[in-house]
Protein chains: 2
Amino acid sequence: MNPPPEDAGPMGPCLHCQVRHLAVCSVLSREEMRALDSAAALQVLAPGAVLVRQGEPRRHVYTVTRGALRLVRLSADGRRQVAGFALPGDFVGLSGAELNQHDIEALGETELCRFGVDAMQRLGTQYPHLQGKLLERACTELDSAHERMMALARMNPTERLADFLLTLAERQARAGIAGPSIDLPMPRADIADHLGLTVETVSRCLTALRNRGLIALPGTYRVDILDLRGLETLKAA
Amino acid sequence: MNPPPEDAGPMGPCLHCQVRHLAVCSVLSREEMRALDSAAALQVLAPGAVLVRQGEPRRHVYTVTRGALRLVRLSADGRRQVAGFALPGDFVGLSGAELNQHDIEALGETELCRFGVDAMQRLGTQYPHLQGKLLERACTELDSAHERMMALARMNPTERLADFLLTLAERQARAGIAGPSIDLPMPRADIADHLGLTVETVSRCLTALRNRGLIALPGTYRVDILDLRGLETLKAA
DNA sequence: CGAGCCATTGACCTAAGTCAAAATAAGTGG
DNA sequence: CCACTTATTTTGACTTAGGTCAATGGCTCG
């Protein structure tokens, strides 16, 4: 009936996009992988390209395999909020709504794996184990959303930035790009709109962190973490 | 195999707690309901009682049937964030973590329905349709978390308060308690910690809204919406 | 080489936080 | 049931963190 856990092996890479689907440490059976693959389509975006537009009907979900995406929400009066960034290995599109809640835009040249929502849903009911993984993923997202709410509600700009940098570093580490040097695929404005700040404040706080010897800024789009412990203390304090 | 949709009737109330599980408009089969019920236990909390403590192992999930809960996160240095409130009909406990991420406390006398997480997981794999509902619920939560992040990041205190009141009104309406009079089951401090403000600011903004004729404040724990349209304009602007 | 974009820095200002006190509301015990 | 105590809310005066506006500097790309 349901594929028993014994049947499940370590998940292989997707035939199309060469990335481990849904979660790095996830476990899917061979059959589940095959089913997933058959529903997948490869897609490549040029820098700045718009993948989906806020308000349009939601047709696909995605797995990022290269590059990065930003999820942007624009309010009627022009206020901008970057809900999040999707890096390689991330799953994009979990939503209960009929319409897209965000613009999704490519930050650099970006490669992704596309699934139709209906196909996904069909696969979900067909392979309960897969749906379980999806649920797990949704719950993890929910946890990190709560984390981010705490940051937005109760941390000052410097703390938010420290938190943001540490989160990025951890995500890049998990994606296999280890090392204390973080790649920022987004401009300052996106960081600002993600953290509920202004560009000026982001800039000021970055230099403040540098002056305190916690980070180095070898280039606009690169941050070296010099004092991990110090950053963590800051964020927690 | 999986109960086909044709098999599903409108979801009845839980045998134990007399509330429609998981979602008001959800649809479960008779068998699924029976399975859910068998895993459920009733629980009543006195005002202020602590249901779960941040950091303890996560053992249960809950459905609120009467009263209200608050989900509180306390950081090391004492900063407090109310991640959310659970009202009758709400589902509490969707998380990917091993440990509880929040304190959960009763706001008044509160009644709820308890499920073991392992039982829930077992039911999930057994009844894919049920798990689908859970996933749906998680996605909806995720959407509203994003909504709240927008509020925290980009709205001023008055707008946040308007948004909060409208959300509460809508939730109470969906729970069957219609009317323009909102019941606030929580003290000002909780509202403040939910919206990333101080008690003083919440108080000031409430009186400001009253002075502008948008709301009335017949009692500390009651708000009448006088100008729905006006509030909505405020929040969107 | 020049134009345009983005990041940084500085000067200034305002919205919201802090501190303090008064006014209500909610408990408590006689 | 009422007086008294304690907690919560509201209001006011003041302070400051971070936003706004404006100018400068540094890349990138045609």
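- Between A/Glu200 and A/Arg204 there is no salt bridge, since none of the side-chain N atoms of the basic residue sits less than 4.0 Å from a carboxylate O of the acidic one.
- Panel note: side chain B/Arg188, backbone B/Thr220; a donor-acceptor pair is recorded below 3.5 Å.
- The distance between the ring centers of B/His194 and B/Phe85 falls below 6.0 angstrom.
- If you measure from atom OH of B/Tyr221 to atom P of C/dT24, you get 16 Å, rounded to the nearest angstrom.
- Applying side-chain hydrogen bond (donor to acceptor under 3.5 Å, both in side chains) to A/Arg70 and the options A/Asp103, A/Asp193, A/Asp190 leaves one that passes, A/Asp190.
- Atoms CG (A/Leu161) and P (C/dT8) sit 11 Å apart, rounded to a whole Å.
- Computed from C1' positions of five pairs at each end, the angle between the two local axes of the helix from C/dC1-D/dG30 to C/dG30-D/dC1 equals 50°, rounded to 10 degrees.
- Checked by atom type and distance alone, the side chain of A/Arg114 never pairs as donor or acceptor with a backbone atom of A/Gln43 at under 3.5 Å.
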Sugar-phosphate or base contact per nucleotide [nucleotides 11-30 of chain D; S, B, -; heavy atom under 4.0 Å]: BBB----SSBB---------

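- If you measure from atom CZ of B/Arg188 to atom P of C/dA23, you get 19 Å, rounded to the nearest angstrom.
- In this structure, B/Leu217 places its CG atom 19 Å from P of D/dT8, rounding to the nearest Å.
- Distance, B/Asp190 CG to D/dT9 C1': 14 Å, rounded to whole Å.
- Note that the CD atom of A/Gln81 and the CG atom of A/Leu152 stand 6.5 Å from one another [nearest 0.5 Å].
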Test log, rule side-chain contact (heavy atoms from CB on, under 4.5 Å), inputs A/Asp90 and A/Leu69: CA-CA 10 Å; A/Asp90 287 341; A/Leu69 300 173; over 6 Å; no

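- Distance alone, capped at 3.5 Å, is enough to place a donor-acceptor pair between the A/Asn156 side chain and the A/Thr158 backbone.
- Computed from coordinates, the B/Leu184 CG to D/dT9 P distance equals 10 Å when rounded to whole Å.
- In this structure, A/Leu107 places its CG atom 13 Å from P of C/dC6, rounding to the nearest Å.
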